[in-house]
Amino acid sequence: MLDIKLLRKDPESVRAALDKRKEDFDLDDFLKLDHQRREWLYEVEQLKNKQNEASKQIPVMKKEGKDASGLLEEMKHLSGQIKALDLKVREVDQEIEKIMLTIPNIPDESVPVGDTDDDNVEIRRWGERRVFDFEPKAHWDIGENLGVLDFAAAAKVTGARFTFYKGSGARLERALINFFLDTHTEKNGYTEVFPPFMVHRNSMVGTGQLPKFEEDAFKVHDTDYFLIPTAEVPVTNMYRDQILDGSQLPIKHVAYSACFRAEAGSAGRDTRGLIRQHQFNKVELVKFVAPENSYDELETLTGDAEEVLKLLGIPYRVVKICTGDLGFTAAMKYDLEVWMPSYNRYVEISSCSNFEDFQARRAGIKYRKNPKDKAQFVHTLNGSGVAVGRTVACILENYQNEDGSVVIPEVLRGYMGNKEIIKKGS
RNA sequence: GGAGAGGUGUCCGAGCGGUUUAAGGAGCUGGUCUUGAAAACCAGUGACUCGAAAGAGCCGUGAGUUCGAAUCUCACCCUCUCCGCCA
């Protein structure tokens, strides 16, 4: 959520920012409503003041044995006026809230202006893309041939966009989760969290998935719960409505969770393999930081995510997302993209974002720099560290041999019973 | 799921329709005393939201009753105890 004061004071700058995002948004409605609200609010507060004064007088009069019935009658009338006005204020409040919740974040100055992902800017590359002396296969073929992935069984049991991992495939998934968690806790200083996989509506609003993107989420029938689309939601909301002590910052958490996405609007895209699933595993990094550090913290967070790719020996690139492709909540975002031979291009495996105070304002997360200072909003950041299923896909493709076997990256071998290679039936 | 108890300021805790602008502690800040510290004593300090201010709101959340609600009514949420069920 944006600062309502900014919208009042400088609507033009907000308009310009929305424009850069290619968002078509009518701020005039908001400004009109806000003006109306302030008028009514002033009016009702005046009346309430009168009421409060009378409420002090009435007991005094009664005590003194005076007749208060005239005043009471007057107050009865006033009370009705207050109720009517209060109702109007409440209604306009709700409308304003509704609008506020659907205005996206303002991109940072440094974000490249652009329309689509074609306008994203590559920042750096790491690793050598492997040159194959045979025709590399796609991970779904490799996985099925090895008997470690079973898409058909999942389709039978559940439906499209689900997968069974079997044998070494299941173990590889588990190994990666542990490897990511261990690296981020032991080397990068994050505190591990294991969150609930369902959250209520307010939490989804707090991190910005709702109210705008409800069709992307799975709702649990007959409850107010949603399956989490990312651990970002429970972990960020862990500190909802709290004032943190400045000395606690930065707070850094890493969390494994399953993630559930309805993938509305992506029908027909990436239908094969592990790239786009309704359920997938992810290890997520979440930070709560002081505003003045948040862009430095974004760099280190991105670096932390990159580190696990480096350790796995996977070639990747870092891309800075342009204004037109930037997520609703982000002020700035880097994507990490890994090389996928079957796609013959880089594929997203992590998004690292600085939300500035956009989520903090929605979720009410503040801090005091010094114990006596006024509380102010923290900046929140998060990034995948990294998506597990896509990493499996990437390893299968980049580490495949001509005979269909797959070499296990060295750093994972300790997590896989010192196995070095995945062969058929193993 | 059933029965009961409860949710008040940073913390403990009083309050059960009107001088509550939330008692009293603790804590915190300053001071007196002391070689220093502790203790004791004195004074100050009450979050947060909107507002330029005046002022308004805020006692789990939301509705309601009333001229007036922390206090009464209803619904919901959460915590604790016991019972039942269960990985």
Side-chain angles (χ1 to χ4, degrees), chain A residues 1-10 30-31 33-101 194-206 210-211 219-220 222-226 234 237-249 258 357-378:
Chain A
M1 200 153 54
L2 300 180
D3 187 352
I4 195 161
K5 286 177 189 160
L6 178 69
L7 285 167
R8 282 177 192 146
K9 244 189 355 214
D10 192 6
F30 162 81
L31 293 169
L33 283 171
D34 185 52
H35 184 76
Q36 182 59 259
R37 187 191 87 104
R38 280 150 73 85
E39 222 166 71
W40 283 338
L41 195 62
Y42 179 77
E43 211 177 310
V44 77
E45 283 188 3
Q46 296 299 305
L47 297 182
K48 281 181 180 174
N49 182 237
K50 250 165 109 179
Q51 188 180 51
N52 287 344
E53 291 304 318
S55 285
K56 279 181 208 159
Q57 262 183 49
I58 288 168
V60 175
M61 287 171 81
K62 283 190 171 169
K63 209 172 165 187
E64 290 172 355
K66 288 186 192 156
D67 176 30
S69 60
L71 188 55
L72 241 50
E73 201 50 45
E74 200 182 313
M75 286 305 109
K76 205 166 190 165
H77 178 67
L78 187 67
S79 173
Q81 285 182 298
I82 288 173
K83 269 186 192 144
L85 258 179
D86 255 347
L87 183 68
K88 281 159 97 180
V89 171
R90 216 180 307 147
E91 280 169 359
V92 76
D93 257 346
Q94 279 167 7
E95 264 182 87
I96 287 170
E97 169 97 351
K98 222 155 98 189
I99 294 173
M100 293 294 292
L101 287 174
F194 188 83
F197 290 2
M198 294 184 211
V199 295
H200 58 49
R201 178 171 291 274
N202 273 348
S203 294
M204 292 286 275
V205 171
L210 295 183
K219 176 93 191 282
V220 181
D222 275 348
T223 72
D224 189 39
Y225 296 157
F226 292 83
N237 279 285
M238 206 161 65
Y239 295 93
R240 135 186 301 277
D241 294 324
Q242 256 180 265
I243 298 174
L244 305 168
D245 184 342
S247 64
Q248 292 174 265
L249 301 184
D357 63 7
F358 190 83
Q359 291 183 325
R361 183 170 277 114
R362 286 174 163 245
I365 308 170
K366 296 186 165 184
Y367 84 109
R368 270 184 243 279
K369 197 167 189 174
N370 297 299
K372 289 202 161 170
D373 290 354
K374 191 173 154 55
Q376 58 175 318
F377 291 111
V378 298

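In what follows, chains carry the letters A, B, and so on, assigned in the order in which the sequence lines appear, proteins first and then strands, with residues in each chain numbered from 1. Quantities reported herein were computed from a predicted structural model and do not represent experimental measurements.
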With 3.5 Å as the limit, what N/O pairs link the protein to nucleotides 15-21 of chain B?
residue : atom : partner  : partner atom : Å
G18(B)  : O6   : Lys62(A) : NZ           : 2.8

Report summary line: Within residues 46-53 of chain A, the residues having a heavy atom closer than 4.0 Å to RNA chain B are Gln46(A), Lys48(A), Asn49(A), Gln51(A), Asn52(A)
Requested in this report: Would you mind telling me which residue lines up with the more 5' stretch of RNA chain B, His77(A) or Val44(A), judged by nearest nucleotide?
Outcome: Val44(A)
**Report entry** Glu43(A): side chain to side chain contact (heavy atoms under 4.5 Å, CB included) partners, not counting sequence neighbours
**Finding:** Trp40(A), Leu85(A)
Report summary line: Across all chains, not counting sequence neighbours, the side chain to side chain contact (heavy atoms under 4.5 Å, CB included) partners of Glu97(A) are Leu101(A)
Query raised in the report: Got Pro234(A) and Met238(A) here, is their nearest side-chain heavy-atom distance under 4.5 Å?
Result: no
Query raised in the report: Given the C1' atoms of U65(B) and C72(B), what is the spacing between them in whole Å?
Result: 8 Å
Query raised in the report: Mind checking the C1' distance from A70(B) to C85(B)? Whole angstroms is fine.
Result: 38 Å
Requested in this report: Mind checking side chain to side chain donor-acceptor pair (under 3.5 Å) for Arg90(A) and listing every partner two or more places apart, or none if nothing turns up?
Outcome: none
**Report entry** G51(B) phosphate, OP1 or OP2, under 4.0 Å from Arg8(A) side-chain N/O
**Finding:** yes
Report summary line: In numerical order, the residues of residues 78-98 of chain A whose heavy atoms come under 4.0 Å of RNA chain B are Ser79(A), Lys83(A), Arg90(A)
Requested in this report: State whether Arg368(A) places a side-chain N or O below 4.0 Å from either non-bridging phosphate oxygen (OP1 or OP2) of C48(B).
Outcome: yes
Query - Base-contact (B) and sugar-phosphate-only (S) positions in nucleotides 69-79 of chain B, heavy-atom cut-off under 4.0 Å, - elsewhere - result: -----------
Report task. Please say whether more than 12 non-hydrogen atoms of neighbouring residues, nucleotides or ligands are located less than 6.0 Å from CZ in Phe197(A). Result -> yes
Query raised in the report: By salt bridge (charged side-chain N to carboxylate O under 4.0 Å, His left out), which residues pair with Arg368(A), not counting sequence neighbours?
Result: none
Report task. Name all residues meeting the salt bridge (charged side-chain N to carboxylate O under 4.0 Å, His left out) criterion together with Lys369(A); count only those two or more places apart in sequence or in a different chain, and write none if there are none. Result -> Glu292(A)
Report task. Just jot down the salt bridge (charged side-chain N to carboxylate O under 4.0 Å, His left out) partners of Asp93(A), sequence neighbours excluded, or say none. Result -> Arg37(A)
Query raised in the report: Tell me, do Val378(A) and Asp357(A) make a side-chain contact under 4.5 Å, heavy atoms counted?
Result: no
Tabulate below the donor-acceptor pairs under 3.5 Å that side-chain atoms of residues 239-247 of chain A make, not counting sequence neighbours, or state none.
residue   : atom : partner   : partner atom : Å
Tyr239(A) : OH   : His253(A) : NE2          : 2.8
Arg240(A) : NE   : Asn237(A) : OD1          : 3.2
Arg240(A) : NH2  : Asn202(A) : O            : 2.7
Arg240(A) : NH2  : Asn237(A) : OD1          : 3.1
Asp245(A) : OD1  : Ser247(A) : N            : 3.1
Asp245(A) : OD1  : Ser247(A) : OG           : 3.2
Asp245(A) : OD2  : Ser247(A) : OG           : 3.4

Report task. Using the C1' atom on both, measure A22(B) against G15(B) and round to a whole Å. Result -> 8 Å
Query raised in the report: Is a donor on one side and an acceptor on the other found under 3.5 Å between the side chain of Arg362(A) and the backbone of Val205(A)?
Result: yes
Query raised in the report: If you measure from the P atom in A75(B) to the same atom in C80(B), how many Å do you get, rounded?
Result: 23 Å
**Report entry** Shortest non-hydrogen contact from Tyr367(A) toward Phe377(A)
**Finding:** CE2-O, 3.9 Å
Query raised in the report: Which whole number of Å gives the distance between the C1' atom of C77(B) and that of C41(B)?
Result: 47 Å
Query raised in the report: Does any non-hydrogen side-chain atom of Val220(A) lie less than 4.5 Å from one of Phe226(A)?
Result: no
Query raised in the report: List RNA chain B stems (3 or more consecutive Watson-Crick/G-U pairs, under 3.5 Å)?
Result: B:1-7 with B:77-83, B:10-12 with B:24-26, B:27-32 with B:40-45, B:48-50 with B:55-57, B:60-64 with B:72-76
Requested in this report: Could you give the distance separating U32(B) and A14(B) at their C1' atoms, to the nearest angstrom?
Outcome: 32 Å
**Report entry** Any donor-acceptor pair under 3.5 Å from Ser203(A) side chain to Val199(A) backbone
**Finding:** no
Report task. Looking only at non-hydrogen atoms, find the nearest pair between Leu2(A) and Met100(A) and report the distance. Result -> O-CE, 3.2 Å
Query raised in the report: Looking only at atom P, what distance separates U49(B) and A5(B), rounded to whole Å?
Result: 36 Å
